[in-house]
Amino acid sequence: MAAARRGGAGDSRVGFRRDAGEPGPAVPQGLVRAARKSGQLNLAGRGLSEVPANVWRINLDIPEEAHQNLSFGAADRWWEQTDLTKLILASNKLQCLSEDVRLLPALTVLDVHDNQLTSIPSAIGFLENLQKLNISHNKLKNLPEELTQLSQLKSLLLQHNELSHLPDGFGQLINLEELDLSNNQLATVPSSFAFLTRLVRLNLAHNQLRSLPAEISAMKRLKQLDCTKNQLETIPSELASMASLEQLYLRKNKLQYLPEFPSFKLLKELHVGENQIEVLSAEHLKHLNSLCVLELRDNKLKSLPDEITLLQKLERLDLTNNDISSLPCALGNLPQLKLLALEGNPLRTIRRDMLQKGTQELLKYLRSKIQDDTTSLNEGSPVTAMTLPSESRINIHAITALKVLEYSEKQAAVIPDEIFNAVGSNSVTTVNFSKNQLNEIPKRIVELKESVCDVNLGFNKLSSISLELCVLHKLTYLDIRNNFLTSLPEEMEALIRLQIINLCFNRFKIFPNVLYRIPTLETILLSNNQVGSIDPLQIRKMDKLGTLDLQNNDLLQVPPELGNCVNLRTLLLEGNPFRTPRAAILAKGTAAVLEYLKSRIPT
C-alpha cells in the first residue's frame, strides 16, 4: 500500500507498478538490488524487446524484499538507496522507449545503442542531468525537439541512424563536447550549430552534405572534424580560422581544390584522399607547421611543390594513385618522414625497383640527387644523335639511366615507331603509355619482353587485351584502369610473375576467371565495374592475395566462405547492393568482415 500511496493513481506520469502476473521480460532482483546501491544498472545484451516497468520505477517503488524482511541490516536499508545515474540498455531488441524514462531524472548516462529504436520519447527532455546519451546504431528518422533541452549534455552519439534533418534548436546543447552524426542521411545541418562552441569532436562522415555552414567556424575549441564521404565541392573559407583543429578528414568528397589554412598552426592530420584535387601549392602548405599526416591519395595531382619541405614534422605522406610524374628531390630532407606512399603514379624519374625498396631508401636516393639533379628534370631531354629534332620530346635520359619508356598524356591513338626505336639496345623495365586514345595495345611492346616488369596503359580506350601483352613474362605490375574492358584473355595466365593488377573503372560484369590462375597475384583492384559475383573457393587458393578491392560493383551477396580467405589483409566491398554484411560491419575493417562472414558459413 505504501507503494500505491507514493505513486498514486492520480499521478498520470508514473502509472502502477507491474504485477507479478503481468507479461514482460524480467530483470534479476540481484541486479536491481545492486543498482539501488551503486546507482548503475547494466542490462546490455539481454534480448529485451521492452524495458521492464520496475526499471523505470526503480527509485519509486518499495522493493519486494522490504515486504519479506522486516529486520534490516545496514546493507538492506532500501530507503537509503542511491538514485539511478547510469542506465545501459545497449544491444537489445528495443523498438521504443517508454515515456516513463522521465522517472529517472538523476540519470547522467543513458546508453541505448544497437537496438531497433524508430523514435525517442519527448520525455527525454526531463533528464536535465544527462551528460552522455548514446542512441547510435538504431533506426531513428528524426529527433524530438525536447532533446535540445538537455543543457548538461556533453556527449551525444547518433551515428548509424536514418536521420535526414536535425531540430532547429540543436544549438541549445551548448555544453556538447562530442557529437557524432556519421552514417545518417543529412543534407544540411542547422545554422544554430554556431552555438556549439564547446565542441571538441564533431563527426559528420557518411552523410549527404553538399556544403558546410560557415557558422561551423565558431567552434573555436574543435580539435577533430570528420566530413568523410559526403558530397562537398568546396570548403567555406571561414573554416580556416579554426585555430584549435588537430585532425581534419575530408576524404571521399568532390573537392577540386583546397582552401588556404592560415590559422591551422596545430593541425596534425589532414586527410583529403579520394577527391578531385589537381593542384597542391605552397600557399596550402606554408602554415601547416605541426602537420604529421598528409593523405592525398586518389586525387589528380600532377606535381608536388618544393615547399613540401616546410612540413618538417611530417611523418606520413600518402600520394597513392595520382598523376605525379616526378618528385622534388628536396623531399629527401624531411627529417621525420617514415612513410611515403607513391603506388599508382606515372613516375618517370624513379625506377620501380627503387620504389619497392621502401621509404628510407627512396629518401636517401632523393637526397643523393639534390646535388647532381639531371638537366632532363628541369630543361627536358637534351637533343642527341639519337633524337630527331621533331622527336626531341623523347626522354633519352629516362630510357638509358632510368630504364623508363614514357609516352603519356599525348592523346595519341597510336604510339609512334620513333618511341620504340629510341630504346635501341637498352633494357627498359617500365612502360607508361597512360592517358592517350589507344584502341589496342601497341604490337611492338613485345620487343621489351625480356626486361619490362611495369606497364601502365590506364586511361585509354582499350576494349580488349591482345596477346602481345601476355608474352611479357617478367611483368609484375599492370595498370589498365579506366578503359572499356569487359574480359581478359585466358593467355594471361602466362604472366607468372604478376603481383599487382589494376582494373578499376572498366566494364567487367564477371570476375575475370584467369586471375584465379595467377597464383603470384598480391593485389587485385577491380572497383567501379559491374561484377556480380566472386568465387570464394578460388580466391582461397590464391595464398599470396592480400588486397582485393571490389568497391562499387553489383555484388548482390557476399559468399560467407570468403571468411576463410585468411590471407586477405584488405577487403573493400563498400558501394555494392548486398544487404549483409551491414555498413556497420564493413566500417570495422577487413578482419571484422572476415570474422562475420566466417560466422555465417553453414555448418
Side-chain angles (χ1 to χ4, degrees), residues 18 20 22-59 61 63-64 82-101 103-104 106-121 123-124 127 130-141 143 153 155-163 178 180 182-184 203 560 563 579-603:
R18 181 169 61 88
E22 187 178 322
V27 175
Q29 281 300 314
L31 269 182
V32 176
R33 197 157 45 241
R36 285 198 177 97
K37 295 175 184 176
S38 68
Q40 302 183 9
L41 180 57
N42 188 341
L43 298 176
R46 290 182 170 269
L48 299 176
S49 57
E50 62 180 10
V51 180
N54 64 334
V55 171
W56 302 128
R57 300 181 57 85
I58 191 170
N59 294 137
D61 292 344
E64 295 290 338
T82 302
D83 282 343
L84 198 66
T85 58
K86 185 175 183 179
L87 177 58
I88 300 177
L89 296 165
S91 301
N92 282 292
K93 300 176 182 178
L94 304 176
Q95 295 184 357
C96 64
L97 292 179
S98 167
E99 294 282 343
D100 283 351
V101 69
L103 303 181
L104 299 173
L107 278 182
T108 60
V109 175
L110 177 59
D111 185 347
V112 291
H113 85 269
D114 191 22
N115 277 284
Q116 299 168 26
L117 298 175
T118 56
S119 64
I120 296 297
I124 195 81
L127 306 185
L130 204 60
Q131 295 182 22
K132 182 171 183 177
L133 177 58
N134 187 345
I135 328 177
S136 63
H137 293 272
N138 279 286
K139 298 179 179 179
L140 301 177
K141 287 185 165 56
L143 299 173
L153 206 59
S155 173
L156 178 55
L157 306 182
L158 291 162
Q159 68 268 30
H160 289 278
N161 277 287
E162 300 170 16
L163 299 172
E178 177 182 30
D180 194 335
S182 62
N183 291 278
N184 278 285
N203 193 341
R579 296 195 174 191
T580 58
R582 292 185 299 128
I585 300 290
L586 296 181
K588 292 179 181 178
T590 299
V593 171
L594 293 179
E595 183 180 346
Y596 169 83
L597 291 172
K598 194 170 184 178
S599 72
R600 294 175 67 89
I601 296 175
T603 53

Test of understanding: with salt bridge (Lys or Arg N to Asp or Glu O under 4.0 Å), list the residues that count as partners of Lys588, not counting sequence neighbours. none
What one should report as the nearest heavy-atom pair of Ala35 and Ile58 is CB-CD1, 3.8 Å
Sorted by chain and number, sequence neighbours left out, ring-ring contact (aromatic ring centres under 6.0 Å, His included) with His113 holds for none
Residues forming a side-chain contact (heavy atoms from CB on, under 4.5 Å) with Arg582, sequence neighbours excluded: none
Salt bridge (Lys or Arg N to Asp or Glu O under 4.0 Å) partners of Glu162, counting only residues at least two apart: Lys141
Which atom names give the shortest non-hydrogen contact between Leu103 and Arg57, and what distance separates them? CD1-CG, 4.1 Å
Leu104/Asn59 under side-chain contact (heavy atoms from CB on, under 4.5 Å): CA gap, chis, key distance, verdict: CA-CA 8 Å; Leu104 299 173; Asn59 294 137; 4.1 Å; yes
Would you name the heavy atoms of Pro121 and Ser98 that are closest together and state the gap between them? CG-O, 3.8 Å
Rounded at 0.5 Å granularity, tell me how far CG in Leu158 sits from OG in Ser136. 8.0 Å
Beyond-backbone contact of Val51 with Asp100, side-chain heavy atoms, under 4.5 angstrom: no
Can you name the side-chain contact (heavy atoms from CB on, under 4.5 Å) partners of Gln116, sequence neighbours left out? Lys93, Gln95
With sequence neighbours left out, write down each residue that passes side-chain contact (heavy atoms from CB on, under 4.5 Å) with Thr118, or none if nothing qualifies. Lys139
Spacing of Asp83 atom CG and Leu107 atom CG [to the nearest 0.5 Å]: 9.5 Å
Given side-chain contact (heavy atoms from CB on, under 4.5 Å), test Ile120 with Asn138 step by step and report yes or no. CA-CA 11 Å; Ile120 296 297; Asn138 279 286; over 6 Å; no
Apply side chain to side chain donor-acceptor pair (under 3.5 Å) to Glu178 and list each qualifying residue two or more places apart in sequence or on a separate chain. Ser155
Looking only at non-hydrogen atoms, find the nearest pair between Val593 and Pro581 and report the distance. CG1-CG, 4.3 Å
Just verifying a value: how many Å separate Leu31 CG and Leu43 CG, rounded to the nearest 0.5 Å? 6.5 Å
State whether the side chain of Asn161 and the backbone N or O of Leu117 hold a donor-acceptor pair below 3.5 Å, judged by distance alone. no
Go through the structure and list residues passing side chain to side chain donor-acceptor pair (under 3.5 Å) with Asp180, not counting sequence neighbours. Ser182
Rounding to 0.5 Å, atoms OG1 (Thr108) and CG (Leu133) come to a distance of 11.5 Å
Heavy-atom donor-acceptor pair, Asn92 side chain to Leu94 backbone, under 3.5 Å: no
Measure the CG-CZ distance between Leu84 and Arg36 for me, rounded to the nearest 0.5 Å. 10.0 Å
Value for CG (Leu586) from OG1 (Thr580), rounded to nearest 0.5 Å, stands at 9.5 Å
Looking at residues at least two apart in the chain, or sitting in another chain, which of them share a side chain to side chain donor-acceptor pair (under 3.5 Å) with Asn115? none
Set of side chain to side chain donor-acceptor pair (under 3.5 Å) partners for Ser91, sequence neighbours left out: Asp114
Would you please name every residue forming a side-chain contact (heavy atoms from CB on, under 4.5 Å) with Ala584, sequence neighbours left out? His137, His160
Candidate list Ile124, Ile88, Ile135, test side chain to side chain contact (heavy atoms under 4.5 Å, CB included), partner Leu110, passing option: Ile124
Short side-chain to backbone donor-acceptor contact, Thr82 and Ser38, under 3.5 Å: no
Does the Gln159 side chain pair with the main chain of Asn183, one donor and one acceptor, at a distance under 3.5 Å? no
Criterion side-chain contact (heavy atoms from CB on, under 4.5 Å) on Val101 and Leu87, from CA distance to verdict: CA-CA 11 Å; Val101 69; Leu87 177 58; over 6 Å; no
